[in-house]
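Please read the structure below before turning to the comments.
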Amino acid sequence: MNQEPTETPRRGVAGTPVAPGREDVEATEFWTVPRRRPPAGSPAREPAWAPLLAAIAGILVCLGFLAAAAAGDLGRDALITLVVFVAAIWMWVFAPVPDTYVALGAAVALVVTGPIDTETFTGTLGDSVIWLLVGSFVIAAAVTATGLPARIAARVLTIARTPRQLIHLLTAVLLVTTFAIPATSGRAALALPVFLALAAVLRHRPQLVLAFAVGIPSVILFSAVGSLLGAGAHLITSEIVATATGEGYHFGQWLILGLPLAVVWSHLAAEVALALFADRTERRTPLTVPATAFAETASADVRGPLSASQRRVLGVLGAVVVLWCTEGLHGVDPAVVAVLGALLATAPKIGATTLPAAAKTVPWTLLLFMAATLCLGIALTTTGASAWLAGLVFDPVRSLGTAAGAVFLVLTVVVSLLAHLMIQSRSARSAVLVPIIVATAPAVGVDAAAAAFLSTAAAGFCHTMTSSAKPMAVFAASDTVPGYRPEHLLRYSAVLAPLSVALLLAFAVWGWPQLGLSPTP
């Protein structure tokens, strides 16, 4: 999401000092976000005339909506929703305004003009998915406060004896953090100190440092699909699917479907990064990572047994994940489980932090953004706007007969994968694409829930530019990586994008049907 430049604090994640060379990075209690300040002499994000052309295109689209309304194809509420929808997309892409501001403005406009009522608008902020995230972030703060993630990483990574072993062991550790930290930005903040420690150990091997700088944030982004809490976009998709079909995704169901993809995709990304940026000699040269390299990162001795607070927090986290996965057996809502876990993780003499301290790490702006985009998604679905827009966009696909379903799946993957070039926010991409995809899927013989899951997974690809995702920007902003340039990401994305399309389609057609989610109803 767009961030306004602010004065850089002296302290970094979890109160640790900002690393040398990171003075241009804005630090918060939970994650580190690079400032939006391009380096001297760098080209602008888009030509000066691009917003003008986009504005003209937006006006033409709105005129088309008005013509459709005059012809009787659109109702008043659907027309208003589409106009607000197009305006929000334009501002997300071109306007120098924070994404949350745009989303809230769009939601309020829908309330004032009538497509949604006040109860719907205010109710999204109290939705169970919001409380689920609040509880999860508090638990994550307690886990982080103990130094447990860095300590586990230190124990695992010291086993490695080759670069390939090291990057794949680190990938496995990052996959596990998907269930402890409910945001890719938060996981990037946890991984950054580990990366800096590895970069110090490997400072005489710049090819490996570059491969890790590109591969680690990629793994963070791809592994997010393994959990319903891996990204806010997943929860937005679940709510939109529930509004359209009557049932969203449960935590256990998403785990079964997403974790296999996360494992394969993450290790593929790590292998591609190593192959592209480290030559064969470098990949075959042995290495050793001493445990002492992570002592400062873990803020404790990484070689001794787990502390009492680490064991307690690990037990709370494990119990919460088990309860989420077994919701069908006990019937307790995941949001209630998350809040109970948060209370235990911050309880006196039991937890690892206090509730006020943990509450400061909750990204409230992100939660407001999610609530607002939920309003937009509900309006698109309930007014019939998404169905009309889906018909406009995908009518040529419907005419393909028996091939329509296959073509629709390919288009869903390609469009969702490339959407990050226009809309930076992952949640915003899902809010834009999923209502249209859910409305179109049944008409071409594709299951709506399967198409929405496929689109949301594909939207996790956002590696082409450093501004495409916060994890990519965080690692690109570090001066620890010698010779890191935007061209590296373009090269990496050019190789990984077609592999990702093939992998996603393989899971959609062959993998997920075996796990209970078939593309055909």
- is_close_aromatic(Trp512, Phe453), centroid dist under 6.0 Å: yes

- Any side-chain heavy-atom pair of Leu170 and Phe212 under 4.5 Å: yes

- Query: So His267 and Phe222, ring-ring contact (aromatic ring centres under 6.0 Å, His included) or not? Walk me through it.
  - Reply: CA-CA 9 Å; His267 284 283; Phe222 286 147; over 10 Å; no

- Do Arg187 and Ser223 have side-chain atoms, one donor and one acceptor, less than 3.5 Å apart? yes

- Would you confirm whether Gln253, through its side chain, and Tyr249, through its main-chain N or O, come within 3.5 Å as a donor-acceptor pair? no

- Message: Quick one, Leu276 with Val272, criterion side chain to side chain contact (heavy atoms under 4.5 Å, CB included). Give me CA distance, side-chain angles, the key distance, then yes/no.
- Response: CA-CA 6 Å; Leu276 281 180; Val272 170; 3.8 Å; yes

- Message: Any heavy-atom pair between the side chains of Val289 and Leu287 that's under 4.5 Å?
- Response: yes

- By side chain to side chain donor-acceptor pair (under 3.5 Å), which residues pair with Arg205, not counting sequence neighbours? Glu282

- Run the side chain to side chain contact (heavy atoms under 4.5 Å, CB included) check on Phe461 and Val501 step by step: do they pass? CA-CA 10 Å; Phe461 186 99; Val501 170; over 6 Å; no

- Task: Go through the structure and list residues passing side chain to side chain donor-acceptor pair (under 3.5 Å) with Ser309, not counting sequence neighbours.
- Result: Ser307

- Item | Close side-chain approach of Leu166 to Leu202, heavy-atom, < 4.5 Å | yes

- Measure the spacing between CG of Leu409 and CG of Leu504 and express it to the nearest 0.5 Å. 11.0 Å

- Task: Indicate whether any N or O donor in one side chain lies under 3.5 Å from an N or O acceptor in the other, for Ser227 and Trp254.
- Result: no

- To the nearest 0.5 angstrom, please state how far the CG atom of Leu208 sits from the CG atom of Leu198. 10.0 Å

- Query: Would you find more than 12 non-hydrogen atoms of other residues, nucleotides or ligands less than 6.0 Å from Trp131 atom CH2?
  - Reply: no

- Task: Drop me the distance from Thr100's OG1 to Met370's CE, to the nearest 0.5 angstrom.
- Result: 11.5 Å

- Item | Under 3.5 Å: donor-acceptor pair, side chain of Thr146, backbone of Val143 | yes

- Query: What is the ring orientation for Phe277 with His488, classed by angle as parallel under 30°, tilted 30 to 60°, or perpendicular over 60°?
  - Reply: perpendicular

- Write down the atom of Thr285, the atom of Pro163, and the distance for their closest heavy-atom approach. O-CD, 3.3 Å

- Item | Any donor-acceptor pair under 3.5 Å from Arg429 side chain to Ala459 backbone | yes

- Heavy-atom side-chain proximity of Leu314 to Gln310 below 4.5 angstrom: no

- Closest non-hydrogen atoms of Thr184 and Pro471, given as atom of the first, atom of the second and distance, are O-CG, 3.7 Å

- Message: Under a 3.5 Å distance rule, please check whether Thr162 uses its side chain to pair with a backbone N or O of Gln165 as donor and acceptor.
- Response: yes

- Value rounded to 0.5 Å, distance of NE2 in His168 from CG in Leu274: 7.0 Å

- Is a side-chain donor or acceptor of Ser238 paired with a backbone partner of Leu235 at a separation under 3.5 angstrom? no

- Verify side chain to side chain contact (heavy atoms under 4.5 Å, CB included) between Leu257 and Leu261, making sure each step is shown before the conclusion. CA-CA 7 Å; Leu257 297 170; Leu261 174 61; over 6 Å; no

- Message: How close do Ile437 and Ala451 get, counting heavy atoms only, and between which atoms?
- Response: CG2-CB, 3.6 Å

- Can you find a pair of side-chain heavy atoms, one from Ile220 and one from Ile216, that are under 4.5 Å apart? yes

- Query: Nearest heavy-atom pair of Ala269 and Ser218: which atoms, and what distance?
  - Reply: CB-CB, 4.3 Å

- Flag the pair Leu515 / Pro260 as yes when at least one side-chain heavy-atom distance between them is below 4.5 Å, and no otherwise. yes

- Task: Examine distances only and state if a side-chain atom of Thr326 and a backbone atom of Val322 form a donor-acceptor pair shorter than 3.5 Å.
- Result: yes

- What is the distance from atom OH of Tyr101 to atom CZ of Phe369, rounded to the nearest 0.5 Å? 15.5 Å

- Query: Which residues pass the side chain to side chain donor-acceptor pair (under 3.5 Å) test with His420, sequence neighbours left out?
  - Reply: Thr464

- Message: Checking the side chain of Thr361 only, and the main-chain atoms of Ala358 only, is there a donor and an acceptor separated by less than 3.5 Å?
- Response: yes

- Query: Can you name the closest pair of heavy atoms from Ala335 and Ser128 and give their distance?
  - Reply: CB-O, 3.4 Å

- Item | Side-chain heavy-atom pair Arg426, Thr456 within 4.5 angstrom cut-off | no

- From OG1 (Thr178) to CD1 (Ile181), nearest 0.5 Å: 10.0 Å

- Looking at side-chain heavy atoms only, is the closest gap between Pro513 and Phe507 below 4.5 Å? no

- Message: Which heavy atom of Leu132 sits nearest to which heavy atom of Ala338, and what is that distance?
- Response: O-CB, 3.7 Å

- Message: What verdict does the side chain to side chain contact (heavy atoms under 4.5 Å, CB included) test give for Phe179 and Leu259, after you've listed the backbone C-alpha separation in whole Å, the side-chain angles of each residue and the deciding distance to 0.1 Å?
- Response: CA-CA 11 Å; Phe179 303 98; Leu259 186 56; 4.0 Å; yes

